[in-house]
Student: 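Structure provided below as structure tokens; questions to follow.
Values below: every heavy atom of this structure, side chains too, minus hydrogens, waters and symmetry copies.
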Amino acid sequence: MAKSLMKGNEVIAEAAIRAGCRLYFGYPITPQTEISETLAKRMPKVDGLCLQAESEIAAVNMVLGAASTGARVLTSSSSPGLSLKSEGISYLVGSDLPCVIVNVQRGGPGLGGIQPSQADYYQATRAMGHGDMHLIVLAPASVQEIGDMTQEAFDLADQYRTPVMILSDGAMGQMMEPVDFEGHTPRELPEKDWAACGTEGKRRHNIVNSLYIEPDVLEKIVKERFERYDAIAENEVRYEDYLTDDADIVLVAYGITARIAKSAVNACRKAGIKAGLMRPITLWPFPEKHLAELAEKTRAFLTVELSMGQMVDDVRLAVEHRVPVHFYGRTGGMMPSVDEVAAEITKIYESMKKEA
Amino acid sequence: MIVFEKPHALTDTPFHYCPGCTHGIVHRLVAEAIDEMGIEGQTIGVAPVGCSVFSYNYFNCDMIEAPHGRAPAVATGVKRARPDRFVFTYQGDGDLAAIGTAETVHVGARGENITIIFINNAIYGMTGGQMAPTTLPGQVATTTPYGRDPKIHGNPVRVCEMLSTLSGTAYAERVSMDSVAHIKQAKRAIRKAFEVQKAGLGLSIVEVLSTCPTNWGKTPQEALEWLKTDMIPYYPLGVYKDVTAKEAE
Ligand SMILES: Cc1ncc(C[n+]2csc(CCOP(=O)(O)OP(=O)(O)O)c2C)c(N)n1
Ligand code: SF4
């Protein structure tokens with residue numbers, strides 16, 4: 001099929017429909033509103049529903065209800081909205097409910113700003129809700145990848161019975177690029193025999209629940225879930241390496257920032273500096289083993305983020321002081337230029353030369 | 001002759017409720033309505049956070065446990081995914097009229113075709129007797145130890161009255177657990193609420209004035225008495241909205 005030129009946010013909407021999602025619940029917030037608006041137009045055409053909830057709290061709980069019946073369901077928001085959704089997301093995790101949640105990040109804290117940001121990394125990967133929990137967090141870096149990953153997200157959610165987050169940002173959401181929806185290979189998925197969809201008098205009642213009042217039972221349930229997390233970490237880690245093989249300095253960046261970092265790597269290579277880029281595609285599970293391997297080959301890392309430094313913690317944990325880990329970030333909706341990042345790489349390179 | 005039979009829509013799990021608590025009676029009435037209509041296999045219930053949180057163990061239909069106050073939103077998700085199913089929530093007053101007020105109001109506004117069974121016992125039972133949005137003026141709670149003073153703690157919320165103003169509310173009735181006659185009326189109301197849902201008319205809600213002897217500091221008998229003498233005057237019983245009555249006219 002011919003590629004069409006679409007915005008990142010519109011692609012999430014279209015790809016969700018392609019993935020068989022017929023239910024969307026959301027509440028307006030910039031810069032993700034095109035997702036709802038696209039679905040408002042498209043869903044009725046495919047016998048689906050796009051419902052504007054009274055709040056993000058209501059939206060995420062509508063997701064909980066719909067997901068409980070076994071349906072594929074999507075919600076999207078931007079940073080402040082995710083804070084409101086966090087209780088519901090914890091319940092979704094605690095109830096082992098598959099669903100897809102999009103965060104088109106903007107600057108924070110508080111009302112913050114409406115420009116692109118990556119300052120919700122901690123929230124997404126560390127503390128998207130209370131309790132011992134994780135979500136699968138995907139970080140696309142092109143509109144095509146948004147299309148592929150949105151479809152993949154529904155499969156991952158169903159396979160592992162977990163919410164999956166697509167961590168986008170204001171820039172990825174607004175960016176227009178060619179996309180087709182043919183790249184996704186559906187997975188073989190388990191039957192949803194746990195769903196609360198009506199017994200039809202044919203089976204014992206199903207209970208979708210996150211309450212386990214006996215501590216030993218709760219511990220067992222959480223540990224079982226963490227075994228599933230181990231399987232996810234084993235099977236689903238994804239990243240992209242760019243010129244890392246001979247690199248003296250490896251940049252680590254995801255999403256929109258990875259594109260800037262790649263250009264900076266190219267500029268530095270032209271200037272004779274052996275720079276490379278490792279782009280995590282899954283933020284949780286994080287490609288920590290791969291980073292540890294790279295730490296054996298390279299002389300330094302530079303993490304670039306649209307934040308004051310959040311993912312850099314994961315890089316440091318993976319690198320374990322084998323080589324220095326540097327950080328460069330802009331925040332509040334500010335974007336680093338390619339020159340800015342290249343200058344940072346050059347600075348680190350020069351200081352390594354002096355030390356050598 | 002069988003004089004007392006457990007409704008099929010209730011499981012064999014024994015209730016955990018305190019002696020004299022009327023939650024158990026209301027469960028039974030809901031289960032009877034489900035039995036009578038023969039809809040157990042097509043019904044999905046949503047349990048709240050509150051004393052009735054374990055109702056997911058008691059009802060024999062598929063059940064979902066919602067976060068505190070969010071049962072109406074959860075039920076919305078269920079109903080929109082499965083419009084062919086009967087969907088009900090079972091909620092306390094803190095759940096429905098404090099933390100979940102927005103969700104409650106908006107299922108009314110949207111005319112969500114679900115049934116709400118609302119237990120108004122004028123107190124927070126599960127957490128040990130704090131003020132509820134429905135605690136009466138002057139009523140002692142652990143967080144209003146000198147009695148609820150409307151000037152300080154605000155006024156109680158009358159839920160049926162409020163929801164009956166919304167266009168999407170099809171049926172709203174307040175009933176009580178204080179006497180056999182009133183319990184029979186409650187049963188009729190609950191059945192009616194499910195019938196309204198069956199007809200696809202919009203939100204149906206039955207507010208049940210209930211007892212919490214434990215946190216009211218009363219014996220079961222005194223609790224029933226207080227329900228009659230103090231609660232009913234503040235929360236008058238009756239039908240606040242019934243769109244089927246209009247149709248009949
Ligand atoms: C977000 C959140 N806040 C507070 C609580 C604690 N909590 C549990 S039940 C409850 C009140 C329940 O009272 P009510 O809804 O009146 O039901 P009852 O127990 O009286 O049947 C509260 C405050 C909670 N579980 N979650
Ligand atoms: S605390 Fe009150 S509402 Fe809860 S079970 Fe006991 S009597 Fe019933």
Student: Knowing that exactly one of A:T199, A:I207, A:V208 qualifies, which makes a side-chain contact (heavy atoms from CB on, under 4.5 Å) with B:D62?
Tutor: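 So the option named by the test is A:T199.
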Student: Taking side chain as C-beta onward, heavy atoms only, is B:Q42 less than 4.5 Å from A:E200?
Tutor: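 They are in contact (side-chain heavy atoms under 4.5 Å apart), so the answer is yes.
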Student: Just checking A:Y27: does its OH atom have more than 12 heavy atoms from other residues, nucleotides or ligands closer to it than 6.0 angstrom?
Tutor: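 Open.
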Student: NZ of B:K198: more than 12 outside heavy atoms within 6.0 angstrom?
Tutor: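 Counting other residues, nucleotides and ligands, NZ of B:K198 stays at 12 neighbours or fewer.
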Student: Counting C-beta onward and ignoring hydrogens, is there a side-chain heavy-atom pair between A:L51 and B:R110 closer than 4.5 Å?
Tutor: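 Yes, close enough: below the 4.5 Å cut-off.
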Student: Working to the nearest 0.5 angstrom, can you tell me the gap between A:H205 NE2 and B:M63 CE?
Tutor: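 Taking NE2 in A:H205 and CE in B:M63, the distance rounds to 8.5 Å.
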Student: Using every non-hydrogen atom in the two residues, find where A:G65 and B:V78 come nearest and quote the distance to one decimal.
Tutor: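 It is O-CG2, 3.4 Å.
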Student: Using heavy-atom distances under 4.5 Å, tell me whether A:L23 contacts chain B through its side chain, its backbone, both, or neither.
Tutor: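 Just its side chain gets close to chain B.
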Student: At a heavy-atom separation under 4.5 Å, does A:A71 approach chain B through its side chain, its backbone, both, or neither?
Tutor: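 Contact with chain B: side chain only.
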Student: Drop me the distance from B:R70's CZ to A:Y91's OH, to the nearest 0.5 angstrom.
Tutor: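 So the CZ of B:R70 and the OH of A:Y91 are separated by 9.0 Å.
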Student: Given that the side chain runs from C-beta out, which part of B:A75 has a heavy atom under 4.5 Å from chain A: side chain, backbone, both or neither?
Tutor: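 Answer is neither: B:A75 stays 4.5 Å or more from chain A.
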Student: Determine whether B:P67 and A:L64 make a side-chain contact, defined as any pair of heavy atoms from C-beta on separated by less than 4.5 Å.
Tutor: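 B:P67 reaches A:L64 side chain to side chain.
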Student: So for A:R203, is it side chain, backbone, both, or neither that comes closer than 4.5 Å to the heavy atoms of chain B?
Tutor: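 Side chain only.
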Student: Indicate the atoms forming the closest heavy-atom contact of A:E54 with B:A102, along with that distance.
Tutor: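 So the minimum-distance heavy-atom pair works out to OE2-O, 3.7 Å.
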Student: Could you tell me which portion of B:R85 (side chain, backbone, both or neither) has an atom closer than 4.5 angstrom to a non-hydrogen atom of chain A?
Tutor: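 Contact with chain A involves the side chain of B:R85 alone.
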Student: For A:S55 and B:E103, work out which heavy atoms get closest and say how close.
Tutor: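 Scanning both residues completely, I find the closest heavy atoms to be OG-OE2, 4.4 Å.
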Student: What pair of heavy atoms forms the shortest contact from B:I64 to A:S68, and how long is it?
Tutor: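 So the two residues come closest at CD1-CB, 3.3 Å.
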Student: Can you name the closest pair of heavy atoms from A:S210 and B:E65 and give their distance?
Tutor: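 For A:S210 and B:E65, the tightest heavy-atom pair comes out as OG-OE1, 4.3 Å.
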Student: Counting only non-hydrogen atoms closer than 4.5 Å, does B:V49 touch chain A with its backbone (N, CA, C, O), its side chain (CB onward), both, or neither?
Tutor: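 Interface part for B:V49: side chain.
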Student: Tell me, side chain or backbone of B:V53 under 4.5 Å from chain A's heavy atoms, or both, or neither?
Tutor: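 Just the side chain, heavy atoms under 4.5 Å.
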Student: Which bit of A:A195 comes within less than 4.5 Å of chain B, counting heavy atoms only: side chain, backbone, both or neither?
Tutor: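 Just the backbone, heavy atoms under 4.5 Å.
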Student: Roughly how far, to the nearest 0.5 Å, is the CG atom of A:N209 from the CG atom of B:N57?
Tutor: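 So the CG of B:N57 and the CG of A:N209 are separated by 7.5 Å.
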Student: More than 12 non-hydrogen atoms from neighbouring residues, nucleotides or ligands closer than 6.0 Å to NE2 on A:H130, yes or no?
Tutor: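 Enclosed: over 12 neighbouring heavy atoms sit under 6.0 Å from NE2 of A:H130.
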Student: Report which part of B:F59 has an atom under 4.5 Å of a heavy atom belonging to chain A: side chain, backbone, both, or neither.
Tutor: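 For B:F59, backbone heavy atoms alone lie under 4.5 Å from chain A.
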Student: If you draw a 6.0 Å radius around CG in A:L218, do more than 12 non-hydrogen atoms from other residues or ligands fall strictly inside?
Tutor: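 Atom CG in A:L218 is crowded, with more than 12 foreign heavy atoms closer than 6.0 Å.
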Student: Tell me whether A:D47 at atom CG has more than 12 heavy atoms from other residues, nucleotides or ligands lying less than 6.0 Å away.
Tutor: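 Not more than 12 within 6.0 Å, no.
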